[in-house]
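Everything quoted here is computed from the prediction, not taken from an experiment. In listed order, ligands and their atoms are each counted from 1.
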Amino acid sequence: MNWRRPAISIWNIKIVGIPLSGYNFYEKLKSWWTQSSLCNAMGMIRFMLPCLFCLENCKERDRKISEEQSHRENNGDDERTENLASQSNEQSEQCCGSNGICSHEVLRDGDRDSASKVDPNKFARKASFKLSWWCKGDQSDQHKHDIVSFERGNITTAERSSKQISLKWESQPQTVIILTKPNSTSVRILCAEMVRWLREQKKLDIYVEPHVRAELLTESSYYNFVHTWKDETEIMLLHTKVDLVVTLGGDGTVLWAASMFKGPVPPVVPFSLGSLGFMTPFHSERYREYLDSILKGPISITLRHRLQCHVIREAAKNEYETEGPILVLNEVTIDRGISSYLTNLECYCDNSFVTCVQGDGLILSTTSGSTAYSLAAGGSMVHPQVPGILFTPICPHSLSFRPLILPEHVTLRVQVPFNSRSHAWASFDGKDRKRLAAGDALVCSMAPWPVPTACQVDSTSDFLNSIHDGLHWNLRKTQSFDGPRDT
Ligand SMILES: NC(=O)c1ccc[n+]([C@@H]2O[C@H](COP(=O)([O-])OP(=O)(O)OC[C@H]3O[C@@H](n4cnc5c(N)ncnc54)[C@H](O)[C@@H]3O)[C@@H](O)[C@H]2O)c1
Ligand SMILES: Nc1ncnc2c1ncn2[C@@H]1O[C@H](COP(=O)(O)OP(=O)(O)OP(=O)(O)O)[C@@H](O)[C@H]1O
């Protein structure tokens with residue numbers, strides 16, 4: 001007789017009702033597989049993954065059959081069980097195919113020779129690429145979707161493995177835009193050198209800002225091939241032409257680059273030419289080596305979420321009508337500006353009242369911005385790949401106003417009440433100050449267009465390196481061995 005796990009509610013996750021024999025076999029195989037040194041061998045991956053996924057499927061089938069059996073024990077319904085078993089075998093074959101891989105559960109992009117399927121005419125101007133999840137220690141692209149399913153009341157989530165997003169070019173990148181920190185001699189020299197190298201060695205089309213093109217041309221008429229744009233309309237179309245954005249400067253230049261793209265953003269390669277650099281992991285001295293490997297791909301990518309902000313004027317009749325959304329990569333700050341009074345900001349999260357900010361102001365930050373102003377105001381540092389919104393007060397005049405981190409899907413509304421003593425001021429990534437009068441509000445939610453930045457190593461290593469190098473985070477001399485000890 002098969003022993004079953006108890007179906008108590010707290011345990012009712014994923015494994016209820018699976019006959020122990022089948023379950024144990026599956027678990028043993030899985031644990032042998034995880035511990036096996038062969039786990040990394042590609043041949044074994046090809047062999048084992050289909051087996052594991054097939055076993056997942058068989059486990060579900062077993063569960064259905066055993067549920068049906070217990071039902072039959074109660075009802076004496078033999079025929080239906082047989083039908084179910086044969087149905088389930090058929091389904092399994094349809095669903096898993098001959099190799100046992102369930103197409104609705106598994107991302108199979110990695111197996112395809114996608115480059116061969118690309119129509120070269122279709123991608124004449126803009127290089128196509130694909131993003132896929134990259135699990136730690138496993139270079140194959142074959143992974144389960146990140147899903148939560150509610151099958152028959154049992155809750156399951158996808159495996160919790162460390163995932164790195166990887167970008168693979170499906171056709172060769174052809175156009176690069178180089179954005180530079182202004183008024184810097186070292187940046188100007190590097191820019192001219194890089195433009196020449198990208199043109200001569202990589203045969204790329206290059207865009208720069210109008211004033212940079214003018215600077216290059218005063219140096220030499222050689223740079224005549226460099227493209228630029230004339231007006232806002234052309235800037236709005238840049239994302240359709242540009243394969244890669246290179247920034248030469250500090251974090252401010254990355255913010256500047258992000259602000260140029262009001263919609264989708266091409267992958268950004270940030271070279272460090274500033275004093276700090278939390279988002280600029282590439283050393284400019286080795287630009288040839290880095291760009292060479294980035295143009296070949298694959299690239300590890302951090303998808304940095306942005307916030308979209310709308311200022312809603314009390315005077316405007318319809319919401320969102322007067323001012324378009326402003327996208328921020330770091331944060332939107334609502335503060336007291338030049339006023340010497342405390343702010344009085346009413347905050348709502350999806351229409352629920354959160355709190356009233358009485359102090360110097362409030363920062364609504366992305367996780368990328370968590371190491372910037374929000375950090376200075378006492379907020380946590382958060383890995384940039386975490387999709388949350390930080391709610392950080394600035395000098396609150398209360399003892400218990402701790403910073404919050406809210407989920408990515410919420411909409412926040414910060415309202416200046418009619419009885420406020422003064423105006424408030426909103427600024428976006430430290431720029432574009434806008435006055436908020438009594439009755440005005442700022443509405444903020446996660447934008448659908450993240451900023452993909454190339455990693456030097458991977459998202460986590462780059463983040464940890466940036467807080468170690470930039471902030472000397474938790475740097476302390478190690479205590480000597482020579483001293484008191486537990487006996
Ligand atoms: N008290 C503060 O810490 C404070 C005050 C105002 C603005 N700021 C930050 O400055 C940002 C604007 O940067 P800027 O370069 O245009 O102005 P800036 O030239 O005044 O530089 C501000 C500093 O913030 C750093 N910085 C920017 N983004 C960062 C990030 N994501 N993580 C860690 N550090 C970061 C920059 O490297 C720079 O050293 C704003 O978005 C805001 O976050 C911080
Ligand atoms: N292409 C650009 N056009 C106009 N302003 C820019 C451009 N690139 C950067 N900036 C602005 O110049 C300022 C300084 O840039 P950035 O932070 O990159 O250099 P930095 O101050 O030397 O770096 P760090 O802050 O690390 O010392 C920022 O406020 C940024 O918004």
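- Heavy-atom proximity to L255, at under 4.0 Å, picks out these atoms of ligand 1: 12 (C), 13 (O).
- Remark: minimum distance from atom 9 (C) of ligand 2 to any protein heavy atom is reached at T253 OG1, 3.4 Å.
- Under 4.0 Å from ligand 2, the heavy atoms of T180 that appear belong solely to its backbone.
- The protein heavy-atom contact nearest to atom 21 (O) of ligand 2 is K181 CD, 4.8 Å.
- What sits closest to atom 26 (N) of ligand 1 on the protein, heavy atoms only, is D251 OD2, 3.7 Å.
- Protein heavy atom in closest approach to atom 27 (O) of ligand 2: S275 OG, 2.5 Å.
- Distances from atom 17 (O) of ligand 2 to the heavy atoms of S259, G252, A257, G277 put G252 nearest.
- In this structure, atom 21 (O) of ligand 1 has its sub-4.0 angstrom surroundings free of protein heavy atoms.
- For atom 3 (N) of ligand 2, the nearest non-hydrogen atom of the protein is W256 CE2, 3.1 Å.
- Nearest non-hydrogen protein atom to atom 10 (N) of ligand 2 is P182 CD, 3.8 Å.
- Of all atoms in ligand 2, numbered sequentially from 1 with element shown, those under 4.0 Å from a heavy atom of G250 are 16 (P), 18 (O), 19 (O), 23 (O).
- Considering backbone and side-chain atoms together, T371 places an N or O closer than 3.5 Å to an N or O of ligand 1.
- Atom 30 (C) of ligand 2 is approached by the protein to below 4.0 angstrom, counting heavy atoms only.
- Looking at L276 next to ligand 2, an N or O pair under 3.5 Å apart turns up.
- For residues 418-464, the pairs satisfying ring pair (Phe, Tyr, Trp, His ring centres under 6.0 Å) are H383-F463, with sequence neighbours left out.
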